[in-house]
Protein chains: 2
Amino acid sequence: MADARQKPNRQLRADAQRSEDAVLEAARTVFAASGVDAPVREIAARAGVGMGTLYRRFPKRADLVAAVFRREVDACAAAAPALAAEYAPGQALARWLQRYAEFIATKTGLSAALHSGDPAFDTLPAYFRASFEPALAMLLDAAASAGEIRRDIAPYDLLRAIGNLSVADQAHTRRMVDLIVDGLRFGAAE
Amino acid sequence: MADARQKPNRQLRADAQRSEDAVLEAARTVFAASGVDAPVREIAARAGVGMGTLYRRFPKRADLVAAVFRREVDACAAAAPALAAEYAPGQALARWLQRYAEFIATKTGLSAALHSGDPAFDTLPAYFRASFEPALAMLLDAAASAGEIRRDIAPYDLLRAIGNLSVADQAHTRRMVDLIVDGLRFGAAE
DNA sequence: TGCTAAACGGAGCAATGCTCCGTATATGCG
DNA sequence: CGCATATACGGAGCATTGCTCCGTTTAGCA
């Protein structure tokens with residue numbers, strides 16, 4: 001899962017696959033406990049692998065962070081159909097949004113990493129959206145069809161409203177400030 | 001300025017005062033170039049002081065970051081009366097907001113530090129507000145009196161709109177999600 | 001000028017990121 | 001099953017960095 005795009009059909013040796021799983025699981029735990037800057041040695045020790053093994057699979061810390069992130073996105077997105085099968089549409093939606101809010105809450109410090117400019121994170125926003133938007137759309141659609149909620153809600157808007165992972169470059173900020181100043185002036189001439 | 005609250009009337013020796021200024025100036029430069037995680041050695045070297053000197057004055061990195069932050073807040077706030085003296089009210093306001101936007105832009109990565117929970121940062125938000133709110137209020141008032149802008153703008157709202165340094169605890173997030181879900185349901189029964 | 005408290009500075013230790021390479025083993029083949 | 005070999009493993013070791021400790025220097029004062 002880490003760099004599967006490089007060799008799409010690569011055949012990981014069995015022990016290598018076990019190591020990768022162990023590392024991802026250990027990293028998830030350690031990141032949650034100590035943040036994404038936790039010592040690599042600690043992750044390797046918890047996973048029961050050597051430093052070499054960890055660095056071979058995830059050459060940069062960002063690679064590991066990104067892999068763990070994808071894993072948690074997958075888990076959260078997968079909760080949507082599960083909840084939809086178990087609960088009434090409105091209930092399923094409410095529970096999933098809480099689940100999603102929990103996911104966002106565990107990402108403290110990660111939004112900073114997202115904006116670090118590391119190329120390993122480049123695909124994450126798209127992955128995030130591609131995973132969550134259909135999941136939420138399904139829940140919203142079901143709830144709307146059941147007459148429990150309105151229909152005029154864009155899934156992505158809702159995702160953003162709960163967890164704002166937005167960025168803003170300098171030029172954008174400048175234009176926004178200009179806009180606000182213009183806005184201030186507008187009402188003055190009455 | 002660093003820990004002046006501990007000994008309000010302390011008399012710093014002349015060389016100590018020079019060292020502190022040199023460190024703050026060097027830290028400002030290095031932080032801007034390499035972020036707030038830059039090596040302490042680099043700051044000490046640029047300031048022309050030893051490690052001991054730096055650590056004696058700023059025992060924790062957060063102390064140094066906070067001191068640099070206050071210094072830059074002071075500089076930005078001080079620009080308000082200067083601009084007000086040089087330009088027409090509307091111009092002064094627009095220019096200061098751009099200046100403020102630049103200040104915010106240099107704080108990349110610092111918002112993460114702000115939320116790190118380090119007690120050295122506890123007083124910074126209040127300092128931020130206490131410095132900028134009166135400065136902006138003066139500019140807004142002058143521009144409004146000149147008929148160049150509306151009067152119904154709260155200075156703090158404007159500050160927040162440009163640089164959102166907001167935080168949100170878990171309970172708050174939870175209540176917000178509940179509110180949004182309620183909001184979704186509200187329009188369904190028509 | 002001489003004394004002393006204050007300040008200085010950098011060697012050195014511990015923690016951590018990351019590499020390198022000798023060792024171990026999973027897998028395919030005869 | 002036994003062997004050959006590519007694949008994977010593991011941790012010693014080096015470089016960097018945070019932080020401390022203490023011998024040396026100096027500013028302020030009489």
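Just so you know, these numbers come straight off a predicted model, no measurement behind them. Order of the sequence lines fixes the chain letters, A, B, ..., with proteins taken first and strands second; residue numbering starts at 1 for each chain. Atom set for the values below is all heavy atoms of this structure, side chains included, hydrogens, waters and symmetry mates excluded.
No donor-acceptor pair closer than 3.5 Å links the side chain of A:Glu148 to the backbone N or O of A:Ala143. No donor-acceptor pair under 3.5 Å is formed between the side chain of B:Thr53 and the backbone N or O of B:Val49.
Checking A:Pro39 against B:Gly50, the closest nucleotide of DNA chain C that is more toward the 5' end is the one next to B:Gly50.
Look at CG on B:Leu64: it is 11 Å from P on D:dC19, rounded to the nearest Å. Protein atom CD of A:Gln17 is 16 Å distant from nucleotide atom P of D:dT7, rounded to whole Å. C:dC18 atom C1' lies 12 Å from atom NZ of A:Lys60, rounded to whole Å. Taking atom CG on A:Asp63 and atom C1' on C:dG17, their separation rounds to 14 Å, with Å as the unit. As rounded to whole Å, 12 Å separates atom P of D:dC9 from atom CG of A:Asp21. If you take CD of A:Glu42 and C1' of C:dA15, they are 12 Å apart, rounded to a whole angstrom. Put simply, CZ on A:Phe58 is 13 Å from P on D:dA8, counting in whole angstrom units.
Partners of A:Asp37 under the salt bridge (Lys or Arg N to Asp or Glu O under 4.0 Å) rule, at least two apart in sequence or in another chain, do not exist in this structure.
Look at A:Asp118 and A:Arg61 and you find no salt bridge, because none of the NZ, NE, NH1 or NH2 atoms lies under 4.0 Å from a carboxylate O.
If you check every strand for non-hydrogen atoms under 4.0 Å, B:Ala38 touches sugar and phosphate atoms only.
At a threshold of 4.5 Å between non-hydrogen side-chain atoms, the residues A:Arg129 and A:Leu159 do not count as touching.
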Could you write out each protein N or O paired with an N or O of nucleotides 27-30 of chain D at a distance under 3.5 Å?
unit_1, atom_1, unit_2, atom_2, d
D:dA27, O4', B:Arg13, NE, 3.3
D:dA27, O4', B:Arg13, NH2, 3.4
D:dG28, OP1, B:Ala14, N, 3.2

Between the protein and nucleotides 19-22 of chain C, which nitrogen or oxygen pairs are less than 3.5 angstrom apart?
none

Enumerate donor-acceptor pairs with a distance under 3.5 Å from any side-chain N or O in residues 77-87 of chain B to protein atoms, sequence neighbours excluded.
unit_1, atom_1, unit_2, atom_2, d
B:Tyr87, OH, B:Arg95, NH1, 3.4

Hey, can you pull the donor-acceptor pairs under 3.5 Å for the side chains in residues 24-35 of chain A, sequence neighbours left out?
unit_1, atom_1, unit_2, atom_2, d
A:Glu25, OE2, A:Arg28, NH2, 2.9
A:Thr29, OG1, A:Glu25, O, 3.2

*Where do A:Ser145 and A:Arg151 land on the side-chain hydrogen bond (donor to acceptor under 3.5 Å, both in side chains) test, with the steps shown first?*
CA-CA 8 Å; A:Ser145 294; A:Arg151 275 218 177 268; 3.0 Å; yes
*May I have the step-by-step check of side chain to side chain contact (heavy atoms under 4.5 Å, CB included) for B:Tyr156 and B:Phe132, ending in yes or no?*
CA-CA 8 Å; B:Tyr156 192 55; B:Phe132 285 152; over 6 Å; no
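The end-to-end axis angle of the helix from C:dT1-D:dA30 to C:dG30-D:dC1, rounded to 10 degrees and based on five pairs per end, is 0°.
Taking side-chain N and O atoms only, B:Thr53 has no distance below 4.0 Å to OP1 or OP2 of C:dA7. Neither OP1 nor OP2 of D:dA8 sits under 4.0 Å from any side-chain N or O of A:Ser19.
Contact of B:Arg41 with D:dG18 (side chain to base): a donor-acceptor pair of N or O atoms is detected under 3.5 Å.
Surrounding CZ of B:Arg46 are at most 12 heavy atoms belonging to other residues, nucleotides or ligands under 6.0 Å away.
Atom CG of B:Asp21 and atom CG of B:Leu12 lie 9.0 Å apart (nearest 0.5 Å).
In this structure, A:Phe121 has its ring center no closer than 6.0 Å to that of A:Tyr127.
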